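Right, one structure below, let's go through it.
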There are 2 protein chains.
Amino acid sequence: MTKRSVRTIADIARLAGVSKSTVSRALNDSPLIGEETKAKIRSLAREHNFQINAPARRLSMRQSRTIAFVTHAYHKDFSVADLFGLEIMGGISSGLASREYDLLVIHVDPNDTKWAHQYYETGRVDGFILMTSTRKQAHVKALLELGAPFITWGIPQPKQKYCSVTGDNVTGGRLAAEHLISLDRQRLGFIGGPSYELEVQHRLAGYEEALNEAGREIDQALIEHGDFSNTSGAEAMKRLLKKAPQVDAVFVNSDLMAIAAMDAIREEGRHVPGDVAVIGYDDLSIAAHSNPPLTTIRQNIPLAGKVLAQNLIEYLQTGMVTNVSIPVELILRKSA
Amino acid sequence: MTKRSVRTIADIARLAGVSKSTVSRALNDSPLIGEETKAKIRSLAREHNFQINAPARRLSMRQSRTIAFVTHAYHKDFSVADLFGLEIMGGISSGLASREYDLLVIHVDPNDTKWAHQYYETGRVDGFILMTSTRKQAHVKALLELGAPFITWGIPQPKQKYCSVTGDNVTGGRLAAEHLISLDRQRLGFIGGPSYELEVQHRLAGYEEALNEAGREIDQALIEHGDFSNTSGAEAMKRLLKKAPQVDAVFVNSDLMAIAAMDAIREEGRHVPGDVAVIGYDDLSIAAHSNPPLTTIRQNIPLAGKVLAQNLIEYLQTGMVTNVSIPVELILRKSA
DNA sequence: GCCATCTTTGCAACCGATTGCATGAAATTA
DNA sequence: TAATTTCATGCAATCGGTTGCAAAGATGGC
């Protein structure tokens, strides 16, 4: 409650009987400063609960130590990106915090073309994290043109050079297929996100590889696509059940779609997993609480967030472009 | 791609043949500057795509125009606060953006006591937005002691003076009860969040008022509490069904709990809404997609977010403490 | 035609840090 | 003992804005 009188390094300097520069160097642990002086200054700072002024430091160092998490306005329909984004934000935040970076969240209007300038060239943020979204390619293009540092969740476009982190989608698809095969299911269905998404293509590729290796035929009629929203999951499932009623297992590209698909299956009077085994993707927190609890391919979301943060900072500091993929694992529950 | 050469107001000043101060005033639309000069400077700024330097401005004005959204690390179990928080963040973000404020998201470790200093006294943020969380009272105390501006979602503690926005919980409880009564249900149950939460008490109060007015008895055996997590919703429902098997309707304090409660009801071999009608709270996006689609009390979440943002900024500028409540409405779907 | 007033602009200090360079004292070497 | 390094510190410029005050020119009243 008492107004603090020691607010700036100049105040500390006065108390310690040294100059501003010495205080600044001491607090930044510069080797130029003698140990006793450092110790005195530090204890003074601690004693008076000194907090350095961030805007001044940012102006002086010409960097904001702030990263923008780019997302879009939420819409009526619920899509995997939202919940997934929420969970990954926790990992990003902790990764950033451990390097003393702040996390700014910006909701970008799809038609806005100037957002990147407004955040980057004003010095408000040093870099961006892009999640999956319908406008991602446009955003990537804007940032590349601007020369602004960024990292994306998801597979980079071929021939473009920028940082990315993604799950190991091929292995994910393979694990799902292998598990369903090991359950002795005969007619396996695939419900994917949009077919133009590289993630989806990779998952399908892994899935088909595993089928081939097991000597199974690929039946195009058993492949459906949605847009990652839960409604689209239910609809794709219904189409699949109509086209191919004998389907007895399905690999769905997201937990949210999978949960909706299970509802659709029940609505048709069939049982999960008795009649149709269902396997999801992501292992969102809700997967453990669905009915029945969802067997799924876990993406290690907190880890993914942490790596996104770390690799972006790495890039800021060294210019090193990294493209890493995070391992996935099969989580066995009740639905398959 | 080309390095921009016009980066500072000094550059603009040179081009326009005026001084830095004039440019600064012109861009801030100061009445001190002549119209033609203003026009010339503005067109110059537009032409060169000038973006003002935020850290410098913040240092000079001694305010960051940034608000912190305080949340906690996500945990294994999924709680309403998370999804609710996600949805409200969209509203907050748009409210802040329209006043040219930035949104910083900070995940506070429950044992951390210095977070507020680290953000407020460093000048990184001008104020805080607190959502419901187990540590909320501790956070409120910390911020009050620090004299830092903040606003909370939820009912303020009696006798404490700070800004808040909350849903109209009494009316919410009343609407739920009136609807269940109008359905001719006889044995109404109540599953609340933690009983020490004022929100929960108000919802219960509204609910009981409506029962009383309808000439119904309040049966304490039909009242259960959880902690807003989905698991707790399922457990409370099971306890309720065991204690009072004749229950034919239940008002659950959150959508997430309600959805879990519906699963619990089905597990006991009973039907929703045939045997037991269920009504939720919040109208999260998932409510429309549950099985069956959930009848619920809608909190206008985007509006709530916008008002949180606006009232906090209002407080920063005028010191006016506001405590507002946002109207709620009944959303009819299939579960009741 | 002179003085007071109003409008528009510039000067220079300031916000609170960081950092290149100069300097003085202490330690080392010859 | 004198010359040379090394170590620790301070001076002052700088980052890019905002703003109080002075001043110059335009306008108007009498």
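Lettering of chains follows the sequences in order, A, B, ..., and the numbering in each one begins at 1. Note that the structure is a prediction, hence the values are computed from the model and not measured.
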> Hey, are A:Ser21 and A:Ser19 close enough side-chain-wise for a donor-acceptor pair under 3.5 Å?
Replying inline: yes
>> Between A:Phe69 and A:Trp153 (judged by ring centroids, cut-off 6.0 Å), do the two rings come close enough to count as a pair?
In response: no
> Any side-chain N or O of B:Ser60 under 4.0 Å from OP1/OP2 of D:dG16?
Replying inline: no
> Taking the side chain of B:Ser21 as heavy atoms from C-beta outward, which of D:dG17, C:dA12, C:dG16 is closest to it?
Replying inline: C:dA12
> Nearest of D:dG10, C:dC15, C:dG10 to any side-chain atom of B:Val18?
Replying inline: C:dG10
> Strictly by modelled atom types, are A:Ser93 and B:His107 linked by a side-chain donor-acceptor pair under 3.5 Å?
Replying inline: yes
> Counting side-chain heavy atoms from CB outward, which of C:dT18, D:dG10, D:dG17 is closest to B:Arg57?
Replying inline: D:dG17
>> Nearest whole Å is fine: how far is D:dT18 C1' from B:Asp29 CG?
In response: 16 Å
> Quick one: is B:Thr22 getting a side-chain N or O under 4.0 Å of the C:dG10 phosphate, OP1 or OP2?
Replying inline: yes
> So, is B:Asn53 close to the D:dC15 phosphate, meaning a side-chain N or O under 4.0 Å from OP1 or OP2?
Replying inline: no
> What integer distance in Å separates B:Lys40:NZ from C:dT8:P?
Replying inline: 14 Å
> Is A:Lys141 salt-bridged to A:Glu145, cutoff N-O under 4.0 Å?
Replying inline: yes
> Would you say the side chain of B:Lys20 and the base of D:dG16 hold a donor-acceptor pair, judged only by whether the two atoms sit under 3.5 Å apart?
Replying inline: no
> Considering only side-chain heavy atoms of B:Arg62, which listed nucleotide, C:dC15, D:dC21, D:dT18, is closest?
Replying inline: C:dC15
>> Measure CG/B:Asn28 against P/C:dT8 and give the value in whole Å, please.
In response: 17 Å
> Between D:dT9, C:dT9, D:dT19, which nucleotide has the shortest distance from any of its atoms to the side chain of A:Thr37?
Replying inline: D:dT9
> Touch check for B:Arg58, heavy atoms < 4.0 angstrom, all strands: base, sugar-phosphate only, or nothing?
Replying inline: nothing
>> Quiz question: by atom type and distance under 3.5 Å, do the side chains of A:Arg57 and A:Asn28 form a donor-acceptor pair?
In response: yes
> So, does the side chain of B:Arg25 form a donor-acceptor pair with the base of D:dG17 at under 3.5 Å?
Replying inline: no
>> Measure CD1/A:Ile33 against P/D:dT9 and give the value in whole Å, please.
In response: 6 Å
> Starting at CD of B:Gln63 and ending at C1' of C:dG16, how long is that distance when rounded to a whole Å?
Replying inline: 16 Å
>> So if I take every side-chain heavy atom of B:Leu32 and compare against D:dG16, C:dT8, C:dA17, which nucleotide ends up nearest?
In response: C:dT8
> For the pair made of NZ in B:Lys38 and P in C:dT9, what is the distance, rounded to whole Å?
Replying inline: 10 Å
> Any sub-3.5 Å donor-acceptor pair from B:Arg124's side-chain atoms to B:Gln118's backbone N or O?
Replying inline: yes
> Rounded to whole angstrom units, what separation is found between the CZ atom of A:Arg14 and the C1' atom of C:dG16?
Replying inline: 14 Å
>> If I take atom CD in residue B:Glu35 and atom C1' in nucleotide D:dA26, what distance separates them, rounded to the nearest angstrom?
In response: 17 Å
> Picking from D:dG17, C:dA17, D:dT19, which would you name as closest to the side chain of A:Ala56?
Replying inline: C:dA17
> Considering only C:dT19, D:dG17, C:dT9, which nucleotide approaches the side chain of A:Ser24 most closely?
Replying inline: C:dT19
>> As a test of reading the structure: which of D:dG10, C:dC15, C:dA17 is closest to the side chain of B:Leu59, going by heavy atoms?
In response: C:dC15
